[in-house]
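Following: one structure in structure tokens, then a few remarks.
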2 protein chains.
Amino acid sequence: MSRLSRDDVIEAAGRLFAKQGYHATSMRDLGGELGILGGSVYAHVSSKEELLVEVVQRAGRLFGESAEQAMSSSEHPEDQLKALIRGHIGVVLDHRDEAQTFLNEATALGESNRQAIVGERDTYEALFRSVIADGITEGAFRSDLDANLAATFVLSILNAIERWYRPDGRVDPASLTNDLHRFAISGIS
Amino acid sequence: MSRLSRDDVIEAAGRLFAKQGYHATSMRDLGGELGILGGSVYAHVSSKEELLVEVVQRAGRLFGESAEQAMSSSEHPEDQLKALIRGHIGVVLDHRDEAQTFLNEATALGESNRQAIVGERDTYEALFRSVIADGITEGAFRSDLDANLAATFVLSILNAIERWYRPDGRVDPASLTNDLHRFAISGIS
DNA sequence: CCTACCGATCGGTAGG
DNA sequence: CCTACCGATCGGTAGG
């Protein structure tokens, strides 16, 4: 056993925050997960909230990068929407702990930190809205359903995936992407 | 100010559990909300978890009653699905605190209590699956999308409503029901 | 429902 | 990263 890195500590924190929640996780729990004492965690970070900030920021960065890549992958709203869906699913499934903490524990952040990541999330969600709105303008999607509401529905499905998806289950990521995309597209086109 | 009833206490607990989360709510917080001391809450309940159990059970009962009513309102899967959607939205919007606690804080329950309400929830969700499956059998819905996945998508949207819905916003319950129903139906028919 | 309190646990620190 | 500890807060109780 070599010494722990700061990354090891943040990763373990993400694991526990995702599984038990932020408030139900003590610094002694985290120490136990790492094989050290609770007080020793303070050799790597200066507060418990700093850990939550780091975990949530990682997820925020992953979602942001995914969105950037999805938007530049095509000029067509239909393809952009599919890429956004595929990317979101990828982030949620490849970084479950961070994503779960981001989605469920961000409320535990202090005011200023919380507002910062809410801002990030709003920017991300606005992309879904504008892509759907563009698709309506271009005639690719139908126009009787509000673009904002459609985006909210799609994001609701995406954000719930971590609540039911099992990696060893019958659904694989690629077909989930296809099925969700088809479901969404049928709903709006 | 007359004396508080046990119902008053459970209601206040639901309010705080929904807003701050179970673990972030102390018995002293709850006392403060009620104008009494933290220790005095134990004149009405015998433990903090009992409060959570009561709040979550109330929500469970409401969802169960809504489902029962929806199923007996028609024989046609299409109408039953719409009634299920309408009922779920009604519960979430008319009993926000209980519904929110049910959806977000059930993980804080002890093992046996948690398994009991997970069972209730599974029964409830199974209704959505079977209604959609029936609709496929009868030819009312299309059959290229798995009924289980479609039910999961619809429930994902329903369960996310408490996260974004604002009573003073532009969306009213009836049109939300219509829009979601149309979105779902397009996705499966 | 209050007074007065209990043991346990919490986040965090000084010094090594 | 450990030892040894701090003040604060937690869920909960006996007795009135």
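Throughout, protein chains are lettered first and strands after them, A, B, ... in sequence-line order, and every chain is numbered starting at 1. These numbers come from the heavy atoms of this one structure, side chains and all, not from hydrogens, waters or symmetry mates.
Regarding contacts with the backbone of C/dC10, every side-chain N or O of A/His23 stays at 4.0 angstrom or more from both OP1 and OP2. B/Ser26 has no side-chain polar atom (N or O) that falls below the 4.0 Å cut-off from OP1 or OP2 of D/dT9. Taking only side-chain nitrogens and oxygens, A/Ser40 comes nearer than 4.0 Å to OP1 or OP2 of D/dC2. OP1 or OP2 of D/dG12 has at least one side-chain nitrogen or oxygen of B/Tyr42 nearer than 4.0 Å.
Rounding to the nearest 0.5 Å gives a distance of 5.5 Å between CG of A/Leu149 and CG of B/Asp179.
If you check every strand for non-hydrogen atoms under 4.0 Å, B/Gly38 touches nothing.
Of the candidate nucleotides D/dG11, C/dC1, C/dC10, C/dC1 has the atom nearest to the side chain of B/Leu4. Among the nucleotides D/dC1, D/dC5, D/dG12, the one closest to any side-chain atom of B/Arg28 is D/dG12.
Nucleotide C/dG16: paired with D/dC1 (Watson-Crick or G-U wobble, both distances less than 3.5 Å).
Between the CD atom of B/Gln20 and the C1' atom of D/dT9 there is a distance of 15 Å, given to the nearest Å. One can place CD of B/Glu49 at 13 Å from P of D/dG11, the figure rounded to the nearest angstrom. Taking atom CZ of residue B/Arg6 and atom P of nucleotide C/dC1, one finds them 14 Å apart after rounding to whole Å. Atom P of nucleotide C/dG11 and atom CG of A/Leu52 are separated by 13 Å, given to the nearest angstrom. Atoms NE2 (A/His44) and C1' (D/dC2) sit 13 Å apart, rounded to a whole Å. A straight line from NZ of A/Lys48 to P of C/dC10 spans 9 Å, rounded to a whole angstrom. Atom CG in B/Leu30 sits about 10 Å away from atom P in D/dG11, given to the nearest Å. Atoms CG (B/Leu37) and C1' (D/dG11) sit 15 Å apart, rounded to a whole Å.
Using a 4.5 Å heavy-atom cutoff, the side chains of A/Arg96 and A/Pro167 are in contact. Side-chain contact check for B/Phe141 versus B/Glu78: some heavy-atom pair is nearer than 4.5 Å. Counting only heavy atoms from C-beta outward, the side chains of B/Tyr22 and A/His23 never approach each other to under 4.5 Å.
Using a 4.0 Å cut-off between charged nitrogen and carboxylate oxygen, B/Glu50 and B/Arg6 count as a salt-bridge pair.
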